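To start, the structure itself, in structure tokens.
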Amino acid sequence: MLLRDYAEITGEDVIDQLRQLAEPLRGMKVVHVNSTRLGGGVAEILTKLVPLMRELEIDTHWEVITGESAFYDCTKAFHNALQGNRIAVREDLLRTYERTTAENAERLRPLLEEADYVFIHDPQPAPLLGYCPHRKGKWIWRCHIDISHPYRPIWRYLRKYIEPYESSVFSLSAFAQALPHTEYIIPPSIDPLSEKNIDLEPSEVAAVRQRFGLDPSRPLLVQISRFDRFKDPLGVIRAYQLARKFLPQLQLVLAGGGASDDPEGRIVLEEVQLAAAEDPDIHILLLPPDSHRIINALQRAADIVLQKSLREGFGLTVTEALWKAKPVIGGDTGGIRLQVTNHHTGFLVSTPEGAALRIRYLLHQPRKMAEMAVKSREFVRDNFLITRQLREYLTLMVALLH
Ligand code: UDP
């Protein structure tokens, strides 16, 4: 994708501004480092951002640190502990972590030391800075997870690697930890030109409806989520059942990834299947991980998108739905609060009863729905597209220039 492809969506001004912001950075060397090239939100965003930064004539590199399986066991444990699980990490795993990052530093040191900016994504590569004594550039620790309530011993261990950075970036202020350098907030974004979000022909949406047995003449509620208790799929079924007493035509889709090796995912899926057993109008869809166009079509087929999470990080599914001009009924938590404004882009709810009430309200107010549709799309255009995220990275780099 080229920058000019985005102009059609964002307007030329936004693209011109990116070019202007990038001017003082032209020719500079930037290195992003994370721990995977495929899978997960970080890799996905880098896949899009790196070529756009290169197009702005910033000499941008993307390096991935690698290790044996014990290294990933350790960093997975960090991930869980930083998000609040009280789990100790075995000493031998910590030694593996230290050894692996040191080995990766050997390989990457020449590039890292000469870079003008280094973005280190998440805790996995955090110690690299300590192995680059002759670094010339600014180092930024880009944290993509919520570390506001970490398991303290692990945070104490990791923060010593992070403190010497020039700055940190968090997705939401609520996710941050106090650190002895400047902290920036840069929320996530979606790519409007990706398979997940690109405009689809109505025929493609109709084909997906047909494939899953959805009746186009009846109202449809959709929630796209992993089968996870925090996403409250049982609460969604309850809300649907309550609303259906007044709207007997209602249909519900709960779509998520297939039964993975996550044992809890399987249990939650079974609970959901049990709760839906008697109702042919509840469609539980298990989708393979690359079902981006299908998810896109389901979001477009919906009249209302639900994201009734009990706890949520940012909630990209909300952004995706708002971009498709759908009102969202979302749980009053985490990043959903940044996106859903009552009566404007949707409704925040705390209970199935609240969700049912809002479903009934919206389906009886087609004009209100149409108004919200326009606001929702504009809200995402202004706040949550990849061009905004790129602008904020550039602004951060310019701010650190001196
Ligand atoms: N998603 C997907 N397949 C699924 C379920 C979700 O591709 O079966 C996508 C969804 O469209 C969104 C992301 O995974 O882009 C989920 O991000 P979100 O922030 O909503 O929740 P998380 O899963 O990170 O808690």
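All values below were derived from every heavy atom in this structure, side-chain atoms included, with hydrogens, water molecules and symmetry-related copies excluded. Indexing begins at 1, ligand by ligand and atom by atom, following the structure's order. Model, not experiment: these values are computed from the prediction.
Within the listing of ligand 1, atoms 22 (P), 23 (O), 25 (O) sit less than 4.0 angstrom from a heavy atom of R226. The E320 neighbourhood of ligand 1 comprises atoms 10 (C), 11 (O), 12 (C), 15 (O), with distances under 4.0 Å to a heavy atom of that residue. Residue I295 approaches ligand 1 through these ligand atoms, each under 4.0 Å from one of its heavy atoms: 2 (C), 3 (N), 4 (C), 7 (O). Interface atoms of ligand 1 facing K196, defined by a heavy-atom separation under 4.0 Å, are 7 (O), 9 (C), 10 (C), 11 (O), 15 (O). Every atom of ligand 1 with a heavy atom of G256 under 4.0 Å away is listed here by number and element: 8 (O).
There is a side-chain donor-acceptor pair under 3.5 Å between Y161 and Y157. Between the side chains of H32 and T60, no donor-acceptor pair of N or O atoms lies under 3.5 Å.
Between S225 and ligand 1, no N or O atom pair is found at a separation short of 3.5 Å. Considering backbone and side-chain atoms together, T317 places an N or O closer than 3.5 Å to an N or O of ligand 1.
Taking the six-membered ring where tryptophan is involved, the planes of H121 and H144 are essentially parallel, since the angle between them stays under 30° and well short of 60°.
Using a 4.5 Å heavy-atom cutoff, the side chains of R218 and D281 are in contact.
Here Y117 and Y393 keep their ring centres 6.0 angstrom or further from each other.
Ligand 1 lies within reach of G315, whose nearest heavy atom is under 4.0 Å from it.
When heavy-atom distances to ligand 1 are checked against a 4.0 Å cut-off, D228 has no atom that comes that close, whether in backbone or side chain. Contact annotation for L287 and ligand 1: no heavy atom of the residue comes within less than 4.0 Å of the ligand. If you look at Q307 next to ligand 1, there are no close heavy atoms at all, none under 4.0 Å.
For Q210, the CD atom counts as loosely surrounded, since its 6.0 Å shell holds 12 or fewer non-hydrogen atoms of other residues, nucleotides or ligands. Dense packing is recorded around CD of E68, with more than 12 heavy atoms of other residues, nucleotides or ligands lying under 6.0 Å away.
In this structure, the side chain of R391 does not engage the main chain of L18 through any donor-acceptor pair within 3.5 Å.
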